[in-house]
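By convention here, the first residue in the shown sequence is residue 1.
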Amino acid sequence: MKSGFIQNGYFLLLTFVTGLFYFCFYMVALSFSLSLSFTVIGIPLVTHVLRTTATFIQFERTQTKIYTDITTDVYDRKGATGSSVWAQAKAELRDGRNWSAVFWLMQKFAIGLISLVSVAIFYVAPLALLLAPLLYRYIDMNFIFMQVDTLAKALIMMVVGLILAAVSFMLSGRLARIMGGYTRFMIQQLNR
């Protein structure tokens, strides 16, 4: 049970990291490759960037299965086949599923921000409150409108930390399943 709580925290942090990566990767790669599209190298760059979506979606499937035990459908993307490189590039660029996959993966950034805030509330805040009796002498601690400067106030903060830890223990699994459900929904929408 404890390991599930920690595993949910890992998943929430990984959601933030991957969301940030997808957002930055596609923002930079598509901006760069589309700005070079007037040259010979720009269009192949765009197609190679669009081909990464299948790999990233497969990674999302795997991490969701490992951390939340949510089974998702397989993302069945058929690669563009053509007689020439330009025909393949044309097929990749016209495939709306590629662009919607980029959209879904970039949305993961907003979900990652929610995950990061949740980790701060569910994991860091209870730990800081539980350690209040040890830390109040060395760190200026404030909780809502109360300054923690005595042992009695620090013990009150520790009790609040215990309550918050119990609530966090119950809610972290649900939140991880909600975040994992995004991957399932994303793949369902892309497979339509």
Please enumerate all residues that pass side chain to side chain contact (heavy atoms under 4.5 Å, CB included) together with [X], with sequence neighbours excluded.
| X | result |
| --- | --- |
| S37 | I43 |
| N191 | D73, Y75, D76, R97, I187 |
| T39 | L36, I41 |

What pair of heavy atoms forms the shortest contact from [X] to [Y], and how long is it?
| X | Y | result |
| --- | --- | --- |
| L50 | E92 | CD1-O, 3.9 Å |
| G180 | T64 | O-CG2, 3.5 Å |
| P126 | I121 | CD-O, 3.2 Å |
| G161 | L130 | C-CD2, 3.9 Å |
| L190 | A101 | CD2-N, 3.6 Å |

Give me the other members of the hydrophobic cluster that V28 sits in, counting Ile, Leu, Val, Met, Phe, Trp and Tyr linked by side-chain heavy atoms under 4.5 Å, directly or via other members.
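Members other than V28 - counting any ILVMFWY side chain reachable under 4.5 Å - there are none.
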Partner set under salt bridge (Lys or Arg N to Asp or Glu O under 4.0 Å) for K90, not counting sequence neighbours
none
Applying side chain to side chain contact (heavy atoms under 4.5 Å, CB included), run through K65 and I70 and close with a yes or a no.
CA-CA 5 Å; K65 177 63 179 165; I70 294 176; over 6 Å; no
If you look only at pairs with a residue in [range], which of them pass as a side-chain hydrogen bond (donor to acceptor under 3.5 Å, both in side chains), with sequence neighbours excluded?
| range | result |
| --- | --- |
| residues 102-116 | E60-K108, Q107-Y182 |
| residues 135-146 | none |
| residues 164-179 | none |

Please round to the nearest 0.5 Å and tell me the distance separating atom CE of M157 and atom CG of L131.
14.0 Å
Apply side chain to side chain contact (heavy atoms under 4.5 Å, CB included) to residues F16 and L20 and explain how you reach the verdict.
CA-CA 6 Å; F16 169 71; L20 180 65; 4.3 Å; yes
One pair to check against side chain to side chain contact (heavy atoms under 4.5 Å, CB included): Y22 and T18. What are the steps and the verdict?
CA-CA 6 Å; Y22 297 147; T18 56; 4.0 Å; yes
ring-ring contact (aromatic ring centres under 6.0 Å, His included) against F103, all qualifying residues, sequence neighbours excluded:
none
Sequence-distant partners of F122, ring-ring contact (aromatic ring centres under 6.0 Å, His included), two or more places apart
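For F122, no residue satisfies ring-ring contact (aromatic ring centres under 6.0 Å, His included) once neighbours in sequence are set aside.
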In residues 8-15, what donor-acceptor pairs under 3.5 Å come from side-chain atoms, sequence neighbours left out?
from : atom 1 : to  : atom 2 : distance (Å)
N8   : ND2    : G4  : O      : 3.1
T15  : OG1    : F11 : O      : 2.8

Looking only at side chains, do Y26 and T52 share a donor and an acceptor under 3.5 Å apart?
yes
Would you say the side-chain atoms of R61 and T72 include a donor-acceptor pair closer than 3.5 Å?
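Indeed, the side chains of R61 and T72 share at least one donor-acceptor pair under 3.5 Å.
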Any pair counted as salt bridge (charged side-chain N to carboxylate O under 4.0 Å, His left out), so long as it reaches residues 151-172, sequence neighbours left out:
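Output for this query lists D149-K153.
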Is any side-chain heavy atom of T68 closer than 4.5 Å to one of Q7?
no
Evaluate the side-chain proximity of T53 to W99: yes if any heavy-atom separation is below 4.5 Å, no if none is.
no
Does the pair Y123 and I6 meet the rule for a side chain to side chain contact (heavy atoms under 4.5 Å, CB included), with working shown?
CA-CA 9 Å; Y123 290 88; I6 294 170; 5.7 Å; no
Would you call the rings of F56 and F25 parallel, tilted or perpendicular, where under 30° means parallel and over 60° means perpendicular?
perpendicular
